[in-house]
Amino acid sequence: MLDVEGIRNDFPILARQVHGKPLVYLDSAATSQKPRQVLETLREYYEEYNSNVHRGIHALAEKATERYEAARERVARFIGAAGPQNIIFTRNTTEAINLVAYAWARPRLHEGDEILLTPMEHHSNLIPWQLVARSTGARLRYVQLTPDGRIDWTSFLALLGPKTRLVAVTHVSNVLGTINPVREMVAAAHRVGALVLVDGAQSVPHMPVDVRELDCDFLAFSGHKMLAPTGIGVLYGKEEVLEEMEPFLGGGEMIGEVTLESATWRELPWKFEAGTPNIAGAIALAAACDYLDALGREEVYRHGLELAEYALRRLQEIDGVTLYGPGPGVARGALVAFTMKGIHPHDISTILDQDGIAIRAGHHCAQPLHRWLNVPATARASFYIYNTCGDIDSLVQSLYRAREYFEYVLR
Ligand code: PMP
């Protein structure tokens, strides 16, 4: 079990008040809060050894380079990658997916090729492929979902074939909470010669993820959802696949020899890191990996699941609440999306905010999924290591208040 009280003490922001009430932060799927241990690495970097990496031959540059490259090794270990050559630092999940779309997909795909997606993808794992389809003539195909928002395995196998070049799938849905059977999907995709990109934005922060066990070709995730700052993300790629790819962005850092006419590229992973990277962000991401590993990734997952199950149970008690995604008893991510009859999710969020409770309302960058759910928007409460069942009780109490208010106003 996690020592949640001890954990909460590491997060200075959790001590603040919002509208005169203690903050109840239930929006970690959008971005997580940051512990002192991570914030301290930022202060240390900027106050003690701020310097550019790779280029300088002086003490500060050497320390910055050493810590930046050590961070890469730390991230590799965090996801079970073979080594630092597999880890490319990006700004976020979105940039990592676009890197694959531009540098792997665009030069390789043609008319007749297919990219297999699901209707539960975040726009970040949808728009890049729409752009690829537009420029190459490749076709996007969509797996069907079961009524409770899981991948229909029969549909997946039926769509997978010799034309499939890539399967791009989210590991955990940021709306439904569904955990997709990525390992089985990778095995099936590889049997037809397709590569698989896993969007790990909602899985890597919350559960053990091992790329060698999954055998995925690419994994993308963001630091800011796993205790690290914004502006640092990761693309994991299999070495042989990354080796075959041309660079995504050109500029300093990623070159070997440059003449006026041409250039050679540096070896992996620097070939894909043009320009000065987010040095402090990468170092802070390594500190976030340390923090999560010290808690135990399995423990982190179990805590999130317990909170999600408790939230499902409590929310079900409220008349007029509809819940989305797999029901209790099914493994799921640490979030719950819901609607309340007669109250728009934005109004729910506004009323909750008055009680110091932060949730998210809207389409959560998953418009096609909301079309499939047949609602324009949902409210989403999402949890992390610093949340308690008490936070969910506060949410439920505030939802009752929202209903009373609307019943009064509409009467
Ligand atoms: N994929 C999923 C499943 C997400 O939840 C998110 C963030 N909401 C993203 C991709 C995009 O992450 P970022 O904005 O950090 O690039």
Side-chain angles (χ1 to χ4, degrees), residues 25-34 75 79 88-102 117-131 143 145 149-151 167-182 185 196-207 209 214 216 218-236 248 278 281-282 284-285 288 304 308 324-326 332-337 349 358-370 372-373 377-384:
Y25 188 74
L26 299 177
D27 197 18
S28 293
T31 199
S32 76
Q33 298 302 347
K34 327 297 177 199
V75 170
I79 57 166
I88 297 152
F89 284 125
T90 62
R91 278 190 303 143
N92 46 38
T93 305
T94 305
E95 188 177 272
I97 295 172
N98 274 278
L99 194 163
V100 177
Y102 278 84
L117 303 164
T118 83
M120 69 172 88
E121 298 312 315
H122 188 281
H123 296 160
S124 295
N125 197 30
L126 179 60
I127 309 300
W129 309 120
Q130 290 184 353
L131 292 170
V143 175
L145 302 181
R150 286 178 292 148
I151 286 173
V167 175
V169 62
T170 191
H171 198 170
V172 173
S173 161
N174 66 319
V175 178
L176 302 166
T178 313
I179 302 177
N180 288 318
V182 168
M185 293 175 84
V196 179
L197 176 140
V198 176
D199 173 351
Q202 298 293 349
S203 63
V204 175
H206 293 275
M207 60 182 68
V209 174
L214 294 179
C216 56
F218 300 106
L219 172 76
F221 58 100
S222 298
H224 71 92
K225 293 181 200 281
M226 51 174 284
L227 312 179
T230 50
I232 185 75
V234 174
L235 175 69
Y236 157 85
F248 170 38
N278 184 349
L285 176 59
Y324 300 93
R332 58 147 57 230
L335 58 92
V336 175
S349 184
I359 64 157
R360 187 144 291 240
H363 53 62
H364 316 293
C365 296
Q367 284 184 19
L369 176 63
H370 281 79
W372 181 82
L373 291 170
T378 52
R380 180 186 72 188
S382 56
F383 318 112
Y384 211 10

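Both counts, for ligands and for their atoms, begin at 1 and track the order of listing. This is a predicted model, so every value here is computed, not measured.
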Exercise for review: Ignoring hydrogens and angles, tell me if any N or O in the side chain of His122 forms a donor-acceptor pair with the backbone of Thr94 under 3.5 Å.
Suggested key: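 It does not hold such a pair.
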Review point. Asp199 side chain to Asn125 main-chain N or O, any donor-acceptor pair under 3.5 Å?
Key: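 Not confirmed, Asp199 side chain does not pair with Asn125 backbone.
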Exercise for review: List the atom of Ile179, the atom of Met207, and the distance in Å for their closest heavy-atom pair.
Suggested key: CD1-CE, 3.8 Å
Exercise for review: Just say parallel, tilted or perpendicular for the rings of His206 and Tyr384, cut-offs at 30° and 60°.
Suggested key: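 Answer is tilted, since the angle falls between 30° and 60°.
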Compile the donor-acceptor pairs under 3.5 Å between side chains in residues 219-229 and protein atoms, sequence neighbours left out, one pair per line.
unit_1: Ser222; atom_1: OG; unit_2: Thr93; atom_2: N; d: 2.9
unit_1: Ser222; atom_1: OG; unit_2: Thr93; atom_2: OG1; d: 2.5
unit_1: His224; atom_1: ND1; unit_2: Thr31; atom_2: OG1; d: 2.7
unit_1: Lys225; atom_1: NZ; unit_2: Ala29; atom_2: O; d: 2.8
unit_1: Lys225; atom_1: NZ; unit_2: Ala30; atom_2: O; d: 3.1

Review point. Between atom CZ of Arg360 and atom CG of Leu335, what is the distance when rounded to the nearest 0.5 Å?
Key: 12.5 Å
Where does ligand 1 get N/O contacts under 3.5 Å from the protein, atom by atom?
unit_1: ligand 1; atom_1: 1 (N); unit_2: Asp199; atom_2: OD1; d: 3.2
unit_1: ligand 1; atom_1: 1 (N); unit_2: Asp199; atom_2: OD2; d: 2.5
unit_1: ligand 1; atom_1: 5 (O); unit_2: Gln202; atom_2: NE2; d: 2.7
unit_1: ligand 1; atom_1: 8 (N); unit_2: His122; atom_2: NE2; d: 3.2
unit_1: ligand 1; atom_1: 8 (N); unit_2: Lys225; atom_2: NZ; d: 2.8
unit_1: ligand 1; atom_1: 15 (O); unit_2: Ser222; atom_2: OG; d: 2.7
unit_1: ligand 1; atom_1: 15 (O); unit_2: His224; atom_2: NE2; d: 2.7
unit_1: ligand 1; atom_1: 16 (O); unit_2: Thr93; atom_2: N; d: 3.4
unit_1: ligand 1; atom_1: 16 (O); unit_2: Thr94; atom_2: N; d: 2.9
unit_1: ligand 1; atom_1: 16 (O); unit_2: Thr94; atom_2: OG1; d: 2.5

